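Everything below concerns the one structure shown next.
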Amino acid sequence: MTGAEPAQPDSGEDTRKAGGLAGAIDWDLAARTGARLAPRGPQVSRERAEAVVADLEEISKAAELPVREVTGLAEGLPIPRAQIVDRGAWVRAAASSMANLAEGDAADEDRKSPLGAKTAGLQAGAVLAFLSSAILGQYDPFTGEDGTLLLVAPNMVMVERMLKVDPADFRLWVCLHEVTHRIQFAAAPWIRDYMREQVAILSAVGTEPLTDVVARLAAELRERRQGTADSDSPGGVIGLLRATQAPPQRDALDRLLALGTLLEGHADHVMDAVGPAVVPSVKEIRAKFDNRRRRRMNPIHRLIRALLGMDAKMQQYVRGKKFVDAVVEEVGMERFNTVWTSPETLPLASEIGHPEAWIKRVLA
């Protein structure tokens with residue numbers, strides 16, 4: 001989005017401190033590369049850009065109270081200010097967040113390779129540049145004392161133009177989803193450390209023979225061909241990645257996927273629960289937005305999405321919302337909120353598709 005650029009998050013210092021975190025990825029290089037490669041946003045005048053930034057700041061505040069009322073979470077806590085960013089600033093913030101998430105991971109000096117870290121940094125930067133035009137908003141729990149809510153102004157303008165929806169309604173609808181994420185972490189701050197623990201397990205170097213890894217991958221491919229693969233296991237590239245991992249890493253990935261599915265599904269549930277009362281055109285927006293998610297795309301774009309796990313992300317929204325819808329309908333929001341108590345009350349990967357199993361295990 002040209003004209004007055006949205007505010008830049010103060011993430012550069014954090015990214016530099018974490019540059020080459022664990023020797024695996026040079027996140028400082030990733031941030032610079034991604035920001036340089038990020039495509040420009042839609043053309044708007046300086047006055048229009050400034051108005052969009054101001055509007056998003058106010059709307060993000062307005063979304064907070066109805067989300068708190070529906071969820072029953074974060075009552076009485078202050079309402080932090082959202083950061084309105086452009087695509088390059090989102091890339092820098094995302095790189096800093098990933099570096100912070102992986103902090104302390106792979107501390108073994110022998111594993112550090114400056115050349116490998118720079119190569120991975122360039123690759124990560126290219127991925128972030130690609131994603132920078134697809135992200136509308138994002139709550140970053142690993143930046144700042146209480147996390148940071150980022151809203152990507154040029155993408156908001158681009159999508160509302162594409163869908164031909166009311167801008168004020170669309171912006172509020174998106175903010176309802178992203179504010180819900182902020183409230184989730186405010187209600188359950190332990191989730192940050194829980195995520196770091198799982199990432200550390202995922203990143204641990206194993207010593208098992210390569211033949212064992214190949215055998216697991218072959219078994220996964222065979223089950224897919226025969227149609228006997230576990231229906232609760234992730235498909236696509238993520239499923240293949242899971243198949244190559246040793247049990248500890250596979251379990252950590254399952255825990256992260258189940259958590260992500262819960263967080264996204266809960267946010268979608270809240271978005272729709274709040275929507276009709278505060279977003280007049282919510283039905284039109286939901287229909288057009290879902291059609292956009294399902295629209296056909298060229299094969300190269302589809303391949304990139306699959307490799308980046310974006311299609312799996314869409315499934316998280318769908319499966320997670322079904323889980324939350326079913327539990328809330330059965331026991332109500334107050335009892336559902338038990339899910340935020342501890343890692344033991346989170347749904348297992350096998351329970352996402354079987355909410356009655358979670359109810360029996362946690363609430364019985």
Side-chain angles (χ1 to χ4, degrees), residues 1-7 39-71 79-87 89-90 131-139 148-184 264-297 310 313-314 317-318 320-321 324-325:
M1 186 167 68
T2 59
E5 294 297 347
R40 295 179 65 84
Q43 296 286 331
V44 299
S45 68
R46 175 174 293 273
E47 292 76 14
R48 179 60 176 161
E50 291 174 345
V52 170
V53 170
D55 191 43
L56 286 172
E57 287 180 347
E58 290 303 314
I59 288 177
S60 67
K61 296 176 185 176
E64 190 93 12
L65 292 180
V67 169
R68 293 185 182 194
E69 289 176 1
V70 165
T71 62
I79 300 177
R81 181 180 178 182
Q83 291 195 19
I84 317 304
V85 300
D86 62 14
R87 290 172 176 175
W90 176 83
L131 293 174
S132 69
S133 61
I135 302 296
L136 295 173
Q138 177 180 336
Y139 174 70
T148 304
L149 175 60
L150 303 170
L151 298 172
V152 189
N155 295 346
M156 202 81 72
V157 171
M158 178 186 71
V159 174
E160 66 195 27
R161 286 179 176 179
M162 184 187 306
L163 299 182
K164 298 180 180 178
V165 293
D166 179 84
D169 281 5
F170 180 73
R171 294 168 192 174
L172 178 55
W173 187 70
V174 172
C175 284
L176 291 172
H177 183 103
E178 302 307 329
V179 163
T180 301
H181 287 318
R182 179 164 65 191
I183 287 176
Q184 291 164 346
E264 297 298 350
H266 180 244
D268 253 21
H269 172 90
V270 172
M271 177 194 285
D272 285 352
V274 174
V278 299
V279 183
S281 58
V282 64
K283 289 185 178 180
E284 176 192 0
I285 291 172
R286 168 60 82 181
K288 289 184 175 181
F289 197 75
D290 286 347
N291 285 337
R292 176 177 176 267
R293 283 178 175 173
R294 294 190 295 264
R295 77 181 189 278
R296 301 180 68 177
M297 60 190 73
M310 293 174 71
K313 177 87 168 173
M314 293 303 103
Y317 287 98
V318 175
K321 186 174 184 297
V324 178
D325 288 348

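This one's a predicted model, so the numbers in the text were calculated from it and none came from an experiment.
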With distance as the sole test, does Asp86 use its side chain to make a donor-acceptor pair with the main-chain N or O of Pro154 at under 3.5 Å?
no
With under 30° as parallel and over 60° as perpendicular, where do the rings of Phe170 and Phe289 fit, or are they tilted in between?
tilted
When every non-hydrogen atom of Ser132 is compared with those of Val152, the smallest separation belongs to O-CG1, 4.4 Å
Report, as yes or no, whether the 6.0 Å neighbourhood of atom CZ on Arg81 holds more than 12 heavy atoms from other residues, nucleotides or ligands.
no
Search all heavy atoms of Gln138 against all heavy atoms of Trp90 and return the closest pair with its distance.
OE1-NE1, 2.7 Å
Under the criterion side-chain contact (heavy atoms from CB on, under 4.5 Å), which of Leu149, Leu172, Val274 is the partner of Val179?
Leu149
Steps toward side-chain contact (heavy atoms from CB on, under 4.5 Å) verdict (Asp55, Met156):
CA-CA 12 Å; Asp55 191 43; Met156 202 81 72; over 6 Å; no
Can you spot which of Arg171, Gln83, Lys61 makes a side-chain contact (heavy atoms from CB on, under 4.5 Å) with Leu56?
Arg171
Side-chain touch Pro280/Asp169, heavy atoms, less than 4.5 angstrom:
yes
Minimum heavy-atom separation for Pro167 to Glu160, with atom names?
CB-OE2, 3.6 Å
Before giving the answer on side-chain contact (heavy atoms from CB on, under 4.5 Å), spell out for Val53 and Glu50 the whole-Å C-alpha distance, their side-chain angles and the decisive distance to 0.1 Å.
CA-CA 5 Å; Val53 170; Glu50 291 174 345; 5.8 Å; no
Under a 4.5 Å cut-off applied to non-hydrogen side-chain atoms, are Arg40 and Arg87 in contact?
no
Does either side chain, that of Gln184 or that of His181, offer a donor lying less than 3.5 Å from an acceptor on the other one?
yes
Among Val174, Leu151, Ile84, the one residue meeting side-chain contact (heavy atoms from CB on, under 4.5 Å) with Ser60:
Leu151
Give, for atom SG of Cys175 and atom CE of Met271, the distance between the pair rounded to the nearest 0.5 Å.
9.5 Å
State, with a plain yes or no, whether a side-chain heavy atom of Leu136 is found less than 4.5 Å away from one of Glu178.
no
Which heavy atom of Ala267 sits nearest to which heavy atom of Thr180, and what is that distance?
CA-CG2, 3.7 Å
Quick one: does any side-chain atom of Lys288 pair with a main-chain N or O of Leu163 as donor and acceptor, under 3.5 Å?
yes
Of the options Val270, Val279, Ile59, Asp272, which is the one that meets Leu176 in a side-chain contact (heavy atoms from CB on, under 4.5 Å)?
Val279
Please confirm whether the backbone N or O of Pro80 pairs with a side-chain atom of Arg182, one donor and one acceptor, at under 3.5 Å?
yes
I need the Ile79 CD1 to Arg68 CZ distance, nearest 0.5 Å.
5.0 Å
Would you call Val52 and Val44 a side-chain contact if the rule is heavy atoms closer than 4.5 Å?
no
